[in-house]
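Convention: sequence-line order gives letters A, B, ...; per-chain numbering from 1.
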Amino acid sequence: MKAGEFEEGSHVLRAKIDMQHVNMHMRDPLMYRVLKKHHHRTGNDWCIYPMYDWTHGESDYIEQISHSLCSLEFKPHRELYDWFKEHVYGYAANELPMQPKQREFARLNLSYTIMSKRKLLKLVEDGVVSGWDDPRMPTISGLRRRGYTANSIRTFIEKVGVAKRENVIDVSLLEFCIREDLNYTAPRVMAVLDPIKVIITNYPEDKVEWLEAENNQEDDSAGFRKVPFSKEIYIEKADFKEEASNKFFRLKLGGEVRLKNAYIIKAESVVKNADGNITEIHCTYTTDTEKKVKGTLHWVSIKHAIKAEVREYDRLFMDEAPDSHQDKGFMEFINPNSLKTIEAYVEPSLAESSIGDRFQFQRLGYFNVDNDSKVDQLVFNKIVGLRDSWAKQKPIPQQQQNQNNKPQQQNKRSAIEQIKSYGKKYDRMQDDQREKAKAEIQELAKSISYEDVEALFGTSVKKAGTRIITMISLGVLLNNGLEKNEAINDFISKAKDDKNQLLVAEANAI
RNA sequence: UGGCCUAUGGUGUAACUGGUAACACGUCUGUUUUUGGUGCAGAAGAGUCUAGGUUCGAAACCUAGUGGGCCAACCA
């Protein structure tokens, strides 16, 4: 066989076990088959290849490992793993005394992506991503290129834990881990991704000041750098509105705002083009930086800023668990807008940066210098944005709506649901608390139906609280004209015999 | 249909060998702040899928049901 005398498929070597075995894998499984494939080491000389089940246990045994960890779908293979292991053990029990054990655990699934190597391969082959290390890929090389530190990946894995049930881990946990790490280590810099021009009318034409900026206030050893300031600067478009409410802490006409590491400016007027879009904001500045102002903006001096490419990533898939659908393939959920390329303006100190460096672009997020970056054409990846509690207050744009459409159970719960949640604690409450709860339940009970209550009649005896709140609600319904029936009478008379005095009292009150 | 695995707040994981549920993320308050970040203080949210049973006592043990997953490749 191994010399290639036989054709593929003509001969195989099988382990003789039991063709009647309940476990399919034990029905005389194949160990070797003829495969006339080219091998990167042996070329075309070697023509038989082993099957996974046989090789798995054999190599684990030769390596003398104690535990062989794998994912859940291999559970049915364990019996065969053990069978092979026990048969091989007899040949070298003295030299190789350790018998490995296979143990299965659930695979780690991340929300809005896929983890299967075969499926990931498809993304690479179809050109959906640029390669295995595309920053959107959940591969180690992808995460690293994206800017995730080894440390953050480790803490993530630690927090996630291991168990045997199917899971989908929220990406927000991964994002938390990288933010936590980078908050202490990443130098802060300023970059403007979506610029609008600001002219400081009372600042001298050719004047340039190099202002001192703190690199990282979380790290005393990080030191300071110089940032150039001049008459014309860029700020983010989203940081200016002609008119806005008091909740908007940023720049508006007549309003003042602090420029990070620089002065306080006041917006006086705007210049618009023919389409009515703002092209320039005219401001005045004051050197009184002690003044209290609500907002602080990041900025860059136009004449000193460096143009750079920024790659902003969104989730690869629009569905939380793209490969969990029976009727649809994961490719149907691909997010067509997972990569956005932006021309940004960054502060001049970044000219010194090199591939792999990580920064916080102040107020925006964490970014790293991509492998594609060149001295004269910097390329940054957005690793993750900063948490943004302002964004939550604004209406959610269409694009992201499906990211947060999980049911928020706290809100609009039905009356019966609210009543039931009292039941969980009712019998353990203090007297005055309980009085309040009871009043609340009686109020809520006005808007429930008999069916809601009847469904709770079967509540098991030990859940006294639930039975009490059911009794109170029933009392309200009866007061409002509900006729007693057999089920109701049953429920009441059973309650009168209960050992819980609160329940007995409520039952007697009816 | 059969066999195996699994079920604990929105998510993920805990709870010693039975003693009424803990941690993290997320969510929400308040506070500090030259980042609407960070920090700090706090809150809401779970009778542990359901029904029986064992027990003084069950998230845990037993039985049945239900939901989810896996297994019938000369793939791994």
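Proximity note for Arg387(A) (side chain, C-beta onward) versus rU35(B), rG12(B), rG37(B): the nearest is rG37(B). With distances taken from any side-chain atom of Lys292(A) to the nucleotides rG69(B), rU13(B), rU34(B), the minimum falls on rU34(B). Comparing rG36(B), rC25(B), rC75(B) against the side chain of Trp390(A) picks out rG36(B) as the nearest. For Pro76(A), taking side-chain heavy atoms from C-beta onward, the closest of the listed nucleotides rC70(B), rC5(B), rG36(B) is rC70(B). For Tyr184(A), the listed nucleotide lying nearest its side chain is rG39(B); candidates were rC74(B), rU35(B), rG39(B). Taking only side-chain atoms of Arg118(A), from C-beta outward, the nucleotide of rU34(B), rC71(B), rC75(B) with the closest atom is rC75(B). Taking every side-chain heavy atom of Lys164(A) into account, rU6(B) is the closest of rU6(B), rU35(B), rU13(B). Side-chain atoms of Leu173(A) lie closest to rC25(B) of the nucleotides rA76(B), rC25(B), rC5(B). If you check rG12(B), rC25(B), rA76(B) against the side chain of Ser172(A), the one that comes closest is rC25(B). Closest approach to the Glu73(A) side chain among rC70(B), rA72(B), rC75(B) is made by rC70(B) (side chain taken as heavy atoms from C-beta onward).
To the nearest whole angstrom, the two P atoms, one in rG12(B) and one in rG53(B), are 32 Å apart. Atom name P, nucleotides rA14(B) and rU6(B): the rounded distance is 12 Å, in whole Å. Atom P of rC61(B) sits at a distance of 33 Å from the matching atom of rG26(B), rounded to the whole Å. Comparing the C1' positions of rG45(B) and rA22(B) gives a spacing of 14 Å, expressed to the nearest Å. The same atom, C1', is picked in rG10(B) and in rG19(B); the two are 30 Å apart, to the nearest Å. Between rG37(B) and rC25(B), the distance separating the two P atoms is 16 Å to the nearest Å. Rounded to whole Å, the separation between the P atoms of rA51(B) and rU13(B) comes to 25 Å. Rounded to whole Å, the separation between the C1' atoms of rU63(B) and rU20(B) comes to 24 Å.
Contacts of Lys75(A) with the nucleic acid, taken as non-hydrogen atoms under 4.0 Å apart, involve only primed sugar atoms and P, OP1 or OP2. Contact annotation for Val162(A): backbone-only contact, meaning every heavy-atom pair under 4.0 Å involves sugar-phosphate atoms and none involves a base. Contacts of Lys247(A) with the nucleic acid, taken as non-hydrogen atoms under 4.0 Å apart, include base atoms. In this structure, Leu30(A) reaches the bases: a heavy-atom distance under 4.0 Å links it to at least one base atom across the strands shown. As judged by a 4.0 angstrom heavy-atom cut-off over every strand, His56(A) is placed among residues making no nucleic acid contact. Residue contacts shown for Tyr52(A) include a base, since a base heavy atom lies under 4.0 Å away. Within the 4.0 angstrom heavy-atom criterion, base atoms lie near Phe248(A). Note on Asn261(A): a base of the nucleic acid sits closer than 4.0 angstrom, heavy atoms only. At the heavy-atom level, Phe74(A) lies under 4.0 Å from base atoms of the strands shown. Contacts of Val160(A) with the nucleic acid, taken as non-hydrogen atoms under 4.0 Å apart, involve only primed sugar atoms and P, OP1 or OP2. At a threshold of 4.0 angstrom between heavy atoms, the contacts of Asn183(A) include nucleobase atoms, whether or not backbone atoms are also involved. Among the heavy atoms of the strands, none lies under 4.0 Å from Val34(A).
Rounded to a whole Å, the CG atom of Asp170(A) is 9 Å from the C1' atom of rG10(B). Leu259(A) places its CG atom 13 Å from the P atom of rU35(B), with the value rounded to the nearest Å. In this structure, CD of Glu104(A) is placed 19 Å from P of rG69(B), rounded to the nearest angstrom. One can place OH of Tyr112(A) at 11 Å from C1' of rU11(B), the figure rounded to the nearest angstrom. Atom CD of Glu166(A) and atom P of rU11(B) are 15 Å apart (whole Å). Distance Ile169(A) CD1 to rC23(B) P: 20 Å, rounded to the nearest Å. The CG-P distance, from Asp239(A) to rG37(B), rounds to 14 Å in whole Å. In this entry the distance linking CZ of Phe105(A) with P of rC5(B) reads 15 Å, nearest Å.
Judged by distance alone with a 3.5 Å cut-off, a donor-acceptor contact links the side chain of Gln360(A) to the base of rU35(B). Below the 3.5 angstrom threshold, one finds no donor paired with an acceptor across the side chain of Gln217(A) and the base of rG39(B). Residue-to-nucleotide contacts include no donor-acceptor pair under 3.5 Å from the side chain of Arg165(A) to the base of rG68(B).
Here the two rings, on Phe74(A) and Tyr81(A), have centers that are 6.0 Å apart or farther. Ring pair Tyr263(A)/Tyr285(A): centre-to-centre distance below 6.0 Å. For Tyr148(A) and Phe156(A), the ring centers sit 6.0 Å or farther from each other. Aromatic pair His87(A)/Trp54(A): centroids not less than 6.0 angstrom apart. Ring to ring, Tyr52(A) and His56(A) are close: their centroids are under 6.0 angstrom apart.
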Check your understanding: Please, what dot-bracket string fits RNA chain B when only Watson-Crick and G-U pairs with both distances under 3.5 Å count, crossing ones use [ ] and pairs to another strand use |?
Key -> .((((((..((((.....[..)))).(((((.......))))).....(((((..]....))))))))))).....

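With hydrogens and angles disregarded, no donor-acceptor distance shorter than 3.5 Å links the side chain of Thr42(A) to the backbone of Asp45(A).
Arg33(A) has a side-chain polar atom (N or O) that falls below the 4.0 Å cut-off from OP1 or OP2 of rC75(B). For Ser389(A), a side-chain nitrogen or oxygen approaches OP1 or OP2 of rG37(B) to under 4.0 Å. Distances shorter than 4.0 Å separate none of the side-chain N or O atoms of Arg27(A) from OP1 or OP2 on rG3(B).
Judged by closest nucleotide on RNA chain B, Thr296(A) is the one of Thr296(A) and Pro50(A) placed further toward the 5' end. Nearest-nucleotide positions on RNA chain B for Arg179(A) and His11(A) put Arg179(A) closer to the 5' end.
Between Tyr112(A) and Glu320(A), the side chains place no donor N or O within less than 3.5 Å of an acceptor N or O (distance only, hydrogens not considered).
Put simply, the side chain of Leu123(A) reaches to within 4.5 Å of the side chain of Met331(A), judged on heavy atoms.
Aromatic ring pairs are classed by plane angle as parallel below 30°, tilted from 30° to 60° and perpendicular above 60°; the pair Phe380(A) and Phe359(A) is perpendicular.
Cation-pi geometry between Lys241(A) and Phe248(A) is satisfied (NZ or CZ under 6.0 Å from the ring centre, within 45° of the ring normal).
Between Glu242(A) and Lys252(A) there is no salt bridge, since no side-chain nitrogen of the basic residue lies less than 4.0 Å from a carboxylate oxygen of the acidic one.
For the side chain to side chain donor-acceptor pair (under 3.5 Å) with Glu104(A), the lone residue among Lys75(A), Arg78(A), His77(A) that qualifies is Arg78(A).
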